[in-house]
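Numbers restart at 1 for each chain; the letters A, B, ... are given by sequence-line order, proteins then strands. Worth knowing before you read on, the calculation uses all heavy atoms, side chains too, and leaves out hydrogens, waters and symmetry mates. Just so you know, these numbers come straight off a predicted model, no measurement behind them.
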2 protein chains.
Amino acid sequence: MTAIETLPLARKLGAYMALSQAERTLISDLHQSCKPVAAGRRLVDQGQSNHLAYILSAGWACSYKILPNGARQIVDFHIPGDFLGLRHVLLHTSDHTIESITDSEVADVPVKELLEILSRNPRLVTAVLWAASRDEAMVVEHLVNIGRRSAVGRMAHFLLELGSRLKLVGLGDKQGYVCPLTQYHLADALGLTAVHVNRVLRQLRENGLLTFRHGVVTFDDYHALSTMADFDPTYLDQAGTTSIVTMRNRCPAQ
Amino acid sequence: MTAIETLPLARKLGAYMALSQAERTLISDLHQSCKPVAAGRRLVDQGQSNHLAYILSAGWACSYKILPNGARQIVDFHIPGDFLGLRHVLLHTSDHTIESITDSEVADVPVKELLEILSRNPRLVTAVLWAASRDEAMVVEHLVNIGRRSAVGRMAHFLLELGSRLKLVGLGDKQGYVCPLTQYHLADALGLTAVHVNRVLRQLRENGLLTFRHGVVTFDDYHALSTMADFDPTYLDQAGTTSIVTMRNRCPAQ
DNA sequence: CGTAGTGTTGACCAAATTCAATATCTGTGG
DNA sequence: CCACAGATATTGAATTTGGTCAACACTACG
């Protein structure tokens, strides 16, 4: 078992609120069955319910929906420390598929155990609720991105957002990051075709804004890129720490 | 004060799980200050935090984001019984604006009170978390809609979804419903221009699928419309009641 | 090697936008 | 009750964006 401090989920929730020793132990308990998963394996299936939630410890994954016409829309990418299938567990239906992109490691969490832990720990529920809210904020930003930005703007904004998320867990910086996504992944996430993704990437490269080659995203001009993409990482910030602190002072902890 | 049974929020949460008398009373307490709001008034402002959540008792509202270039993306429309500003309260920042579309009635809920109620009532937290999850499911569907469907498909799917939601609160049926949205609202929600919205509506009308005129949506051929739009209302269903019960019983296994 | 997945590019096409002009509706004041 | 203004809806023509089809290059890996 890994030391509690290095568990991505603990680190993530810990960024929201200070965790008591008991709470840390509970989170640790959720990681009992951490196991490797090969790339391309489906963890949650659209339309089915396998009653498991996962914590992604290592690797990349994505959530997507397949339309009857065969088109795929990727809703979100998941990086280490992310909770997988949370909504799936709560709604009891799987409205989308979650699939590993790279070889990964996941801890699967039985629903029963999760619900018991949460029902006994209102503070933890609050933290999880907050993590879920942050996820929704990302989906909303994604929606705005697809609905109201040009292809180039979408791409720039998306790669910047991914950079911010990765920086938070120590997997990237303002220079860039390692990124296992194919142009097909990008296309299905951004509502474009793979061919057009290629052209857009070329355009960004030729304009000296960013380079995405050989699995590496390099920000050639971070400032100019942020400007042209209207990128504002506020919605990702953990400014929430302040928020939760406020919340904790107002309501009696349990 | 209205009888608890007729409060939209109570009705909504009650569809998820049976509510105890104490819980009903708590929900009723949240409606202390129900007041009228004129059309076009902003309730929550992008970038500000006014620390209030609302329950929409009557009328229509919408959440949207304005991009620096002036474009607007409507994230969701709200109808009676919807919770407004939930994420806003939890994240302590307002990442989007919520505005009334018609003259409406809202009950504003002070954050402090809401948090106190939730921290003392884990079951209620679960219900709220679930309502929030349903909202996210709608945003996800919206994302898929914009990312991977043609303009006509988007419009059809969107108007069908709205019909399902309204039917749930008794404001519409398979024939159609009264709808105060302008073509600009539709455009900003679907990532189109108002001009193109007009053409798309004409096309749907001329194909005998649906008519949207003078503030009324009429389904001329519900079945054909659902088919062409790949509409599957599963993600809106309240099958959840079963879900929560089942979740308690099931488990481990894979 | 050879194959499958991925990336790259060009020529052509379709969908949606933009610009612009009118029409219609709705509420308001005279 | 009518005239008017502002918002909303409708339509056409020209343009842009992104998609489709097709060919080929590069890379990794058995």
Atom pair distance, as rounded to whole Å: [atom1] in [X] and [atom2] in [N]:
{"X": "A:N69", "N": "D:dG19", "atom1": "CG", "atom2": "C1'", "value": "14 Å"}
{"X": "A:N198", "N": "D:dG18", "atom1": "CG", "atom2": "P", "value": "15 Å"}
{"X": "A:R213", "N": "D:dA28", "atom1": "CZ", "atom2": "P", "value": "14 Å"}
{"X": "A:L181", "N": "C:dG5", "atom1": "CG", "atom2": "P", "value": "18 Å"}
{"X": "A:R154", "N": "D:dG19", "atom1": "CZ", "atom2": "C1'", "value": "12 Å"}
{"X": "A:M155", "N": "D:dG18", "atom1": "CE", "atom2": "C1'", "value": "13 Å"}
{"X": "A:R199", "N": "C:dC12", "atom1": "CZ", "atom2": "P", "value": "13 Å"}
{"X": "A:E206", "N": "C:dT8", "atom1": "CD", "atom2": "C1'", "value": "12 Å"}

Lys/Arg N to Asp/Glu carboxylate O, [X] vs [Y], below 4.0 Å:
{"X": "A:E141", "Y": "A:R149", "value": "yes"}
{"X": "A:R165", "Y": "A:D76", "value": "yes"}
{"X": "A:R205", "Y": "A:D220", "value": "no"}

Query raised in the report: Are A:D188 and B:R148 close enough, and set up right, to give a salt bridge (Lys or Arg N to Asp or Glu O under 4.0 Å), and what steps lead you there?
Result: CA-CA 8 Å; A:D188 287 344; B:R148 282 296 179 220; 2.9 Å; yes
Report summary line: Rounded to the nearest 0.5 Å, the CD1 atom of A:I98 sits from the CD1 atom of A:I101 at a distance of 11.5 Å
Query raised in the report: Which parts of residues 182-196 of chain B get close to DNA chain D, meaning a heavy atom less than 4.0 angstrom away?
Result: B:T182, B:Q183, B:V195
Report task. Please list residues of residues 71-79 of chain B whose heavy atoms come under 4.0 Å from any atom in DNA chain D, ordered by number; otherwise none. Result -> none
With no hydrogens and no angle check, just 3.5 Å: does a side-chain donor-acceptor pair link [X] and [Y]?
{"X": "A:H185", "Y": "A:T182", "answer": "yes"}
{"X": "A:H223", "Y": "A:S226", "answer": "no"}
{"X": "B:Q73", "Y": "B:Y64", "answer": "no"}

Report summary line: On DNA chain D, more 5' by nearest nucleotide between A:R149 and A:H214 is A:R149
Report task. Please check if the side chain of B:N207 supplies one atom and the backbone of B:L209 the other of a donor-acceptor pair under 3.5 Å. Result -> no
Requested in this report: Would you work out how much the helix from C:dC1-D:dG30 to C:dG30-D:dC1 bends between its ends, with each end axis defined by five base pairs, to 10 degrees?
Outcome: 40°
Report summary line: Assign each of B:A151 and A:R202 the nucleotide of DNA chain C bearing its closest heavy atom; nearer the 5' end lies the nucleotide of A:R202
Query raised in the report: What is the ring orientation for A:H142 with A:F158, classed by angle as parallel under 30°, tilted 30 to 60°, or perpendicular over 60°?
Result: tilted
Query raised in the report: For A:F212, which of A:L201, A:L204, A:T218 qualifies under side chain to side chain contact (heavy atoms under 4.5 Å, CB included)?
Result: A:L201
